[in-house]
Amino acid sequence: PNGTYSYTIGSISGYSSSPSSGLVIISGSSQTVTISFLRVKYSVTLTETGLPKGSTWYINLSNDQSFSVTGTSVTFSEPNGTYYFTVATNNKDYAPNKYFGTFVVNGTPVSESINFVLVTYKITFIESGLPLGTSWSVTLNGTTESSNNITIAFSVSNGSFSYTIEKMISGGSGVRYISSIASGIITVNGSYITVNITYSTQFYLTMSANPSNGGSITPASGWYNASSTITINAIPNSNF
């Protein structure tokens, strides 16, 4: 019947109504009230850690939204739903701990953390020629690693690195091992690197004249490669 009537609109999860309440006045005719429902949006914050200051990182959402971020976080609003995202950065020395992921908006704000880590590549030094179990070492940019196995490995990021090899290793009395490489520089650019080191065996040849005034001999005492042929000469003094 004619009169003034108040009304309220019931709540629906994820939506807001406009108007949510009001008055209807009936005065001899029917009335129509139009209610508009809008999807409620909630804040979504993605925060990164690990990137150097000033690096740009990117977020791409499954609803075709994209964000380019130079700070540590980005905040945007989304209605309830499940969203897929991918992550990338312009700093090729770093990579996210997850290249893609999912977040669910369900009536409350959402926070996601993304950790970027320094990408490393392995430099592997492989030796040959040493007896099994012999200890050897490599120094890369001031860091020394030793091993009783045939390999020594370092994990590094992109860049140039100087290295030195333990040049001479004693094998006991009269025996030593000499490396084919003493030092060098390695440039890492997005891939693993292998450096092969060959150790040659040398023996100490002792030359002596008896008696010492009996004459001269060649060659002099010294180190010589294993399996090499040495020509020995003895030149006697007068009366010998």
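Note that these values count all heavy atoms, side chains included, but never hydrogens, waters or copies made by symmetry.
Side-chain contact between Tyr224 and Pro219: present, with at least one pair of heavy atoms (C-beta onward) separated by less than 4.5 Å. Ser170 has its side chain out of reach of Arg176: every pair of non-hydrogen atoms, C-beta onward, lies at least 4.5 Å apart. Between Leu46 and Ser73, the closest side-chain pair of non-hydrogen atoms is not below 4.5 Å. For the pair Thr120 and Val156, the minimum side-chain heavy-atom distance is 4.5 Å or more. Between Gln31 and Ile26, some side-chain heavy-atom pair lies under the 4.5 Å cut-off. Under the 4.5 Å side-chain criterion, counting only non-hydrogen atoms from C-beta, Tyr42 is not in contact with Val110. Residues Val87 and Tyr99 form no side-chain contact, since every pair of their non-hydrogen atoms from C-beta on lies 4.5 Å or further apart. Here the side chains of Asn196 and Ser128 are not in contact, with every heavy-atom distance at 4.5 Å or above.
Leu132 CG: 12 or fewer foreign heavy atoms inside a 6.0 Å radius. Atom NZ of Lys167 is surrounded by more than 12 heavy atoms from other residues, nucleotides or ligands within 6.0 Å. Within 6.0 Å of the OH atom in Tyr7, the count of heavy atoms belonging to other residues, nucleotides or ligands exceeds 12. The number of heavy atoms from other shown groups lying within 6.0 Å of NZ (Lys98) is above 12.
To the nearest 0.5 Å, the span separating OG on Ser18 from CD1 on Ile35 amounts to 8.0 Å. In this structure, the separation between CG on Asn60 and OG1 on Thr86 is 4.0 Å, given to the nearest 0.5 Å. Note: Ser179 OG to Leu130 CG = 9.0 Å, rounded to the nearest 0.5 Å. Taken from OH in Tyr204 to OG in Ser221, the straight-line distance is 4.5 Å, to the nearest 0.5 Å. A distance of 8.5 Å separates CD in Glu127 from OG in Ser147, rounded to the nearest 0.5 Å. Atoms CD and CZ, from Glu112 and Phe85 in turn, are 5.0 Å apart once rounded to the nearest 0.5 Å.
Between Thr47 and Ser113, the side chains place no donor N or O within less than 3.5 Å of an acceptor N or O (distance only, hydrogens not considered).
Of the residues listed (Asn97, Asn115, Thr72), the one engaging Thr49 in a side chain to side chain donor-acceptor pair (under 3.5 Å) is Asn115, and it is the only one.
Hydrophobic cluster membership differs between Ile178 and Ile169, with clusters built from Ile, Leu, Val, Met, Phe, Trp and Tyr side chains linked at under 4.5 angstrom. Residues Ile181 and Trp136 fall within the same hydrophobic cluster, defined by Ile, Leu, Val, Met, Phe, Trp and Tyr side chains chained together at heavy-atom separations under 4.5 Å. Criterion: ILVMFWY side-chain heavy atoms under 4.5 Å apart, direct or through other members. Under it, Ile185 and Ile193 are not part of a common hydrophobic cluster. Residues Ile165 and Ile150 fall into different hydrophobic clusters, defined by Ile, Leu, Val, Met, Phe, Trp and Tyr side chains chained together at heavy-atom separations under 4.5 Å. Grouping the Ile, Leu, Val, Met, Phe, Trp and Tyr side chains by contacts below 4.5 angstrom, directly or via other members, places Tyr192 with Phe161.
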Exercise. Yes or no on side-chain hydrogen bond (donor to acceptor under 3.5 Å, both in side chains) for Ser160 and Thr187, after CA distance, side-chain angles and deciding distance?
Worked result: CA-CA 4 Å; Ser160 294; Thr187 299; 3.1 Å; yes
Exercise. Could you go step by step and tell me if Asn63 and Glu78 meet the side-chain contact (heavy atoms from CB on, under 4.5 Å) rule?
Worked result: CA-CA 10 Å; Asn63 61 1; Glu78 297 294 343; 3.1 Å; yes
For this session: Step by step, work out the side-chain contact (heavy atoms from CB on, under 4.5 Å) result for Phe203 and Leu205.
Result: CA-CA 6 Å; Phe203 296 104; Leu205 173 64; over 6 Å; no
For this session: Quick one: do Val188 and Ser157 satisfy side-chain contact (heavy atoms from CB on, under 4.5 Å)? Show the steps, please.
Result: CA-CA 7 Å; Val188 178; Ser157 59; over 6 Å; no
Problem set entry | Chi angles and distances behind the side-chain hydrogen bond (donor to acceptor under 3.5 Å, both in side chains) call for Asn2, Ser27 | CA-CA 5 Å; Asn2 288 337; Ser27 181; 5.2 Å; no
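When all heavy atoms of Lys92 and Val119 are compared, the closest pair comes out as O-CG2, 4.3 Å. For Glu166 against Tyr199, the heavy-atom pair with the smallest separation is O-OH, 2.7 Å. Across all their heavy atoms, Ser21 and Thr8 have their closest contact at CB-CG2, 3.8 Å. Pairing each heavy atom of Pro211 with each of Phe240, the nearest pair is CG-CE2, 3.9 Å. Across every non-hydrogen atom of Met207 and Thr218, the tightest pair is CE-O, 3.8 Å. Scanning all heavy atoms of the two residues, the minimum distance from Ile152 to Ser137 falls at CD1-CA, 3.9 Å.
Taking the six-membered ring where the residue is Trp, Phe67 and Phe76 present parallel rings, their angle staying beneath 30° rather than reaching 60°. Phe154 and Phe125 have perpendicular rings, their planes meeting at more than 60° on a 0 to 90° scale where under 30° would count as parallel.
Between the Thr89 side chain and the Thr56 main chain, a donor and an acceptor come within less than 3.5 Å of each other.
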